[in-house]
Amino acid sequence: LIDSWKTEPVSAGWTRLMLTRFVKHKITPTRAARGGALVHVAMHDAFHLAKESQLDAEVSVSAAAAYVLGYLFPAEEKIFSRIADAVAQQ
């Protein structure tokens with residue numbers, strides 16, 4: 001999973017992961033739109049904050065996405081954290 005993100009923006013991988021969770025959990029379109037907005041706003045804000053602070057944008061975006069996805073899917077929170085940690089260790 002992490003290796004595929006080396007050739008594309010990190011946000012694309014998190015978006016794909018988010019969409020698979022929406023399908024897996026049969027999330028309604030309204031809730032999916034809200035969840036998608038939360039994840040994308042968090043990634044956007046993390047990206048710009050990282051650029052302003054001269055931090056690694058991929059790590060910041062991954063941490064933000066993992067945090068919000070953990071909020072949306074609490075039973076899978078540790079999985080998202082592990083993915084963000086793997087991105088940070090690259």
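- Within the structure, side chain to side chain donor-acceptor pair (under 3.5 Å) pairs that include any residue of residues 39-49 comprise Thr15-His40, His44-His48 (at least two apart or interchain).
- With rounding to the nearest 0.5 Å, the separation of CZ in Phe47 from CE in Met43 is 11.5 Å.
- For the salt bridge (charged side-chain N to carboxylate O under 4.0 Å, His left out) test, residues two or more places apart in sequence or in another chain that qualify with Glu8 are Arg16.
- Listed by first and then second residue, the side chain to side chain donor-acceptor pair (under 3.5 Å) pairs that reach into residues 52-66 are Trp14-Ser62, sequence neighbours excluded.
- For the atom pair Phe80 CZ and Phe73 CZ, the distance stands at 6.0 Å (nearest 0.5 Å).
- Within the structure, salt bridge (Lys or Arg N to Asp or Glu O under 4.0 Å) contacts touching residues 78-90 (residues at least two apart or in different chains) do not occur.
- When the salt bridge (charged side-chain N to carboxylate O under 4.0 Å, His left out) test is applied to Lys26, no partner is found at least two apart in sequence or on another chain.
- Clustering ILVMFWY residues whenever any of their side-chain heavy atoms sit less than 4.5 angstrom apart, transitively, puts Tyr67 in a cluster other than the one holding Val41.
- For Gln90, there are no side chain to side chain donor-acceptor pair (under 3.5 Å) partners two or more places apart in sequence or in a different chain.
- Residues forming a side chain to side chain contact (heavy atoms under 4.5 Å, CB included) with Ala32 (at least two apart in sequence, or on another chain): Phe22, Ile27.
- Residues passing the salt bridge (charged side-chain N to carboxylate O under 4.0 Å, His left out) test with Glu77: none are found, sequence neighbours excluded.
- Taking Tyr71 as the reference, Arg34, Leu38 meet the side chain to side chain contact (heavy atoms under 4.5 Å, CB included) condition, with sequence neighbours excluded.
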